[in-house]
Amino acid sequence: MTFSKILTDWYSVNKRQLPWRQTTNPYYIWLSEIILQQTQIKQGLPYYQDFVSVFPTVFDLANANEAEILKLWQGLGYYSRARNLHAAAKYVVEDLNGVFPTNYKDLLKLKGVGDYTASAIASICYNEVSAVVDGNVYRLLSRYFGIYTPINSSKGAKEFKVLAQELIDKKDPATFNQAVMEFGAIQCKPKSPDCTVCPFNSSCYAYGKDVISELPVKIKAAKVSKKYFNFLVFLTPSHTTILEQRQGKGIWQNLYQFPLIESEKALTSKQLQQELEQFELLEGKTFEVSLYNKDEIVHKLSHQHLYTQFWIVEVDANLAGEIPVSEVEDFPVPILIGNFIEDFNF
DNA sequence: AAAACGGGGCT
DNA sequence: AGCCCAGTTTT
């Protein structure tokens, strides 16, 4: 049996029932693929359902406000995906008359659609023979063929793409692509796969040499940095507070947060007090500060750890740009802020 | 080529 | 603590 045949036979028996497997409508496939980038199905599924429900067509998505889309995306992370989703929807509606590109090359022109996603959409929706290479594919192929090229190197990306393109079922690329990913997710798992029941075990390099845990090879990521975040939760007599939109380049772009003071290390009440003396917003006003969380909240991102303190700042007057506390929950915020809002319950 | 970009889950 | 996830974009 061919590699492809073994895989698709396994798939026909073991595949999960998922909503995006009931359609070949490119809007839904695209939506699911963007949501599932660097995201496990369990985490992405409820977001997919929400998006389909709130934005049933690409026109609905294109006509939405970015804040509305970010709010629905809240908690999923990698927020550039949501911003690019909106930009791509507008492009499809305004430049393509609402019709999605129908091939790999043109799909690549959509913001947020790279090699993997273009191949996924092109194969699933249009039966184009374009192999997907995601984390699952890297794992299966590196183990089965014994390939030690780092998967997160440009050499590795090319090598695995070529190999996958050789293996793909030219008659049914859609099924092959979904099968190889499902196989990686369920059978050829990262940790402790049960190779005794694997249909490839008689010819798998890694199983034969007992090097499953060594593959795939990955170049180590740089160490995570530490940052100290002090969020200022203002409260006025008229039950208002301040939220500001994050600008610029870094994390959480275009999301909202309480005014932030970043520091080299954890601030004491006295130090924060001093910082607030120079705060424009508070000029000539009386205020009182208290620390909300005694222990620092450590918010862990893939490349930095945020040591966070929330400071309650009670002010005796109104503030420029204030919003009613009842409206706080309407804004898209990082989950770190969202968890505080839920806990604090204004 | 390397770094940046989230948050959840598992070991 | 370290690794992984239906990756892409920016530097």
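On a predicted model such as this, the values are computed, not experimentally measured, just so you know. Order of the sequence lines sets the chain letters (A, B, ...), proteins ahead of strands, with each chain counted from 1.
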Nearest-nucleotide 5' precedence on DNA chain B, A/A221 against A/L301: A/A221

Length of the CG-P vector between A/L306 and B/dC5, whole Å: 10 Å

Mutual orientation of the aromatic rings belonging to A/H299 and A/W252 [parallel < 30°, tilted 30-60°, perpendicular > 60°]: tilted

Pair listing, ring pair (Phe, Tyr, Trp, His ring centres under 6.0 Å) test, anchored in residues 41-71 of chain A, at least two apart: A/W20-A/Y48, A/F51-A/F55, A/F51-A/W73

Contact under 4.0 Å: A/Y138 side-chain N or O vs C/dC4 OP1/OP2: no

Sugar-phosphate, base or nothing in reach of A/K189, heavy atoms under 4.0 Å: nothing

Sugar-phosphate only, base, or nothing, as touched by A/I35 at under 4.0 Å among non-hydrogen atoms: nothing

Distance test, side-chain N/O of A/H299 to OP1/OP2 of B/dG7, below 4.0 Å: yes

A/S326: side-chain hydrogen bond (donor to acceptor under 3.5 Å, both in side chains) partners, not counting sequence neighbours: none

Separation of B/dG6 P from A/H305 NE2 (nearest whole Å): 15 Å

Side-chain donor-acceptor pairs under 3.5 Å in residues 157-164 of chain A, sequence neighbours left out?
| unit_1 | atom_1 | unit_2 | atom_2 | d |
| --- | --- | --- | --- | --- |
| A/E159 | OE1 | A/T149 | OG1 | 2.8 |
| A/E159 | OE2 | A/T149 | OG1 | 3.4 |
| A/K161 | NZ | A/D115 | OD1 | 3.2 |
| A/K161 | NZ | A/D115 | OD2 | 3.1 |
| A/K161 | NZ | A/S119 | OG | 3.0 |
| A/K161 | NZ | A/A131 | O | 2.7 |

Derivation and outcome, salt bridge (Lys or Arg N to Asp or Glu O under 4.0 Å), residues A/E182 and A/R21: CA-CA 12 Å; A/E182 188 78 336; A/R21 288 192 175 145; 3.1 Å; yes

With sequence neighbours excluded, residues passing side-chain hydrogen bond (donor to acceptor under 3.5 Å, both in side chains) with A/K5: A/D9

B/dG7 OP1/OP2 closer than 4.0 Å to side-chain N/O of A/W73: no

B/dC5 OP1/OP2 closer than 4.0 Å to side-chain N/O of A/H303: yes

Pairs touching residues 82-136 of chain A that satisfy ring pair (Phe, Tyr, Trp, His ring centres under 6.0 Å), sequence neighbours left out: A/W30-A/F100

Footprint string (nucleotides 5-10 of chain C, 5' to 3'): B base within contact, S backbone only, - free, heavy atoms under 4.0 Å: BBBSS-

Between P of B/dC5 and OH of A/Y79, the distance in whole Å: 13 Å

By ring pair (Phe, Tyr, Trp, His ring centres under 6.0 Å) - contacts of A/F234 (at least two apart): none

A/Q304 side-chain proximity, nearest of B/dG7, B/dC5, C/dC3: B/dC5

Span that lies between the C1' atom of B/dA3 and that of C/dA6, in whole angstrom: 23 Å

Any A/K191 side-chain nitrogen or oxygen under 4.0 Å from OP1 or OP2 of C/dG2: no

Residue pairs, two or more places apart or on separate chains, that pass ring pair (Phe, Tyr, Trp, His ring centres under 6.0 Å) and touch residues 258-289 of chain A: A/F258-A/F340

Stretch residues 335-346 of chain A: residues that reach within less than 4.0 Å of DNA chain C through a heavy atom: none

Whole-Å distance separating the CG atom of A/N254 from the C1' atom of B/dG6: 15 Å

Which residue lies more 5' along DNA chain B, comparing A/K158 with A/L76 via nearest heavy atoms: A/K158

A/K300 NZ - B/dC5 C1' separation (whole Å): 19 Å

Side-chain heavy-atom pair A/Y307, A/F229 within 4.5 angstrom cut-off: no

